[in-house]
Amino acid sequence: MKKALVFLLMATTLFAFEFSGDKVIAVVGDSAVLYSDVDAYTDMKMQQYGGDLLIRNILFEQSLEELINSRILVAHANADTNIKVSDFDVSEQVNTRINQILAQNKFTREQLTAILKEQENMTLTEFREQLGIQIRQEMIRQQVMQHYIVERDLSREEVREFFNSFKDSLPPMGESIRLQKIEIQTKSDSLERQKAYDAITFVRRQIVDRGEKFEDMAKKYSKAPNAENDGGDLGFIAKGTLSLVRLEAAAFSLEPGEVSAPIETRIGWHLIKVSERTGEGVRAHHIFIPVNASETKIAEAMKIIDSVANSNPTEAQFIKAVEKYGTDNIAKAYKGDVGWELLSAVDEQIRNSFRTISVGAISQPIRKENTFFLYRISDYDQDRPMDFESDYDEISKYASMLQSQERLRDLILRWRNDVFVKIYQ
């Protein structure tokens, strides 16, 4: 347990502690790299990767090279006016990091002090100093990346090439399910649309002509989720955050206090009011009146969904139902396949609609406004490896990260010519 705690602290700081009496293994500029630096850093890698003595020797060389590169960055930053890392910013980050250690491990400050003293013969002040050195290096590295590494968007083929080369080394995604869905959207008729329009114009007249409060009208008439509790308050929104584009466009076109004209979307009619504007967003309030489908069409859709659910369909039968009844053309093109998702990221209503999370399980029918859904679990993996199609965005991030690291490595190699480096065997 004690060894695990020591590793946890070292892994959190990502820095090897310096001890008096060490031998110097390298000099970079006016900074010495001690044997204990490299030895402890190698121990962290061994904890992560495992391996025998031969592997440790390889990791030791890698650790030495990484620590030398970190010192080269610091040496360059000291002479570079573009790189500015203040003592105050470092101190703030040190406090944040230590508070994270305490919270994650449920330590008190006194317990952390005792662990450092017992296992590393180090005071909390010395620990803060070492942590500060590492954080300064991290901040320098980030600023170097910002100023000198120009990122570019990778093509799909480049991401695929990266995935094919490194897929066995990429971390697993975790507990995941692959879903299929049937989506049936019931359309409203012109009479229902007119009824909803009349309702929204009535609400707007009450606000604009008679001075009723927007929030009171939202609580009374709006059918948006939680309208009764928050009076239609959407909070501060930034551009690109609302799924309904027409609502977002209206919100950013209004001045504080203004109420929009009725706005029609695929789900109904809306009013938007802006109460505040900031440099990055607006605080918006919302009233929603849905356009309902006829009861006949709703009953027909429910009958279809219930029939499929009660038949406990196989995958082939579910796909036939998607092709026959589904109204979502994209879902139909993929035979209802939604792709892999982390179980924790699946919409709570969908997740709770399954009696059991197992392959072949069928959800309870789900209704959202005028649309009905039925889901089937086509696959399940407790610790799923990455999939190129389902996890493309995540894979692309790793590919971009590798590209940036390679460019940084090339940059450090060029800067190395300007810094005194001596390695002692």
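This chain uses plain numbering: 1 for the first residue, then up along the sequence.
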### Query
Between the side chains of Ser275 and His285, is a donor N or O closer than 3.5 angstrom to an acceptor N or O?
yes

### Query
Would one find more than 12 heavy atoms of other residues, nucleotides or ligands at under 6.0 Å from atom OH of Tyr148?
yes

### Task
Dump the intermediate steps for salt bridge (Lys or Arg N to Asp or Glu O under 4.0 Å) on Glu138 and Arg97, then the final yes or no.
CA-CA 13 Å; Glu138 290 174 3; Arg97 197 75 61 88; 2.8 Å; yes

### Query
Counting heavy atoms not belonging to Arg355, are there more than 12 under 6.0 Å from its CZ?
no

### Rounded distance (nearest 0.5 Å) linking atom NZ of Lys397 with atom OH of Tyr392
13.0 Å

### Query
In Å, rounded to the nearest 0.5 Å, how long is the span from CD1 of Ile350 to OG of Ser363?
8.0 Å

### Message
Could you go through Lys187 and Glu300, starting from their C-alpha distance and side-chain angles, then the distance that decides it, and tell me whether this counts as salt bridge (Lys or Arg N to Asp or Glu O under 4.0 Å)?
### Response
CA-CA 12 Å; Lys187 294 183 178 180; Glu300 289 174 355; over 6 Å; no

### Query
Could you state the interatomic distance from CH2 (Trp340) to CD1 (Ile177), rounded to the nearest 0.5 Å?
9.0 Å

### Task
Report, as yes or no, whether the 6.0 Å neighbourhood of atom CZ on Arg407 holds more than 12 heavy atoms from other residues, nucleotides or ligands.
yes

## Note on the structure
d(Gln130 CD, Thr125 OG1) to nearest 0.5 Å is 12.0 Å

### Task
With rounding to the nearest 0.5 Å, note down the distance linking OG in Ser176 to CG in Asp391.
7.5 Å

### Message
Does Glu264, at its CD atom, have more than 12 non-hydrogen atoms belonging to other residues, nucleotides or ligands within less than 6.0 Å?
### Response
yes

### Query
Would Thr265 and His270 count as a side chain to side chain donor-acceptor pair (under 3.5 Å) if you check the C-alpha gap in whole Å, the side-chain angles of each, and the deciding distance to 0.1 Å?
CA-CA 8 Å; Thr265 68; His270 311 257; 2.7 Å; yes

### Query
Checking salt bridge (Lys or Arg N to Asp or Glu O under 4.0 Å) against Arg178, which of Asp337, Asp381, Asp379 comes through?
Asp337

### Query
Does a salt bridge link Glu65 with Arg416, judged by any charged N lying under 4.0 Å from a carboxylate O?
yes

### Task
Could you check whether the rings of Phe388 and Phe163 sit parallel, tilted or perpendicular, using 30° and 60° as the cut-offs?
tilted

### Message
So for atom CG, which belongs to Asp209, do other residues, nucleotides or ligands contribute more than 12 heavy atoms lying within a distance under 6.0 Å?
### Response
yes

### Query
Ion pair present between Lys332 and Glu183, side-chain N to carboxylate O less than 4.0 angstrom?
no

### Message
Quick check for you: to the nearest 0.5 Å, what is the distance between Leu64 atom CG and Gln62 atom CD?
### Response
11.0 Å

### Message
Tell me whether Lys219 is salt-bridged to Glu212, with the criterion being a basic N under 4.0 Å from an acidic carboxylate O.
### Response
no

### Message
Using a strict threshold of under 4.0 Å (side-chain N to carboxylate O), is an ion pair present between Glu192 and Lys195?
### Response
yes

### Task
Determine whether more than 12 heavy atoms belonging to other residues, nucleotides or ligands lie under 6.0 Å from atom NZ of Lys320.
no

### Message
So that I can tick it off, tell me whether Arg136 and Asp87 are bridged by a salt bridge, with the cut-off set at under 4.0 angstrom between side-chain N and carboxylate O.
### Response
yes

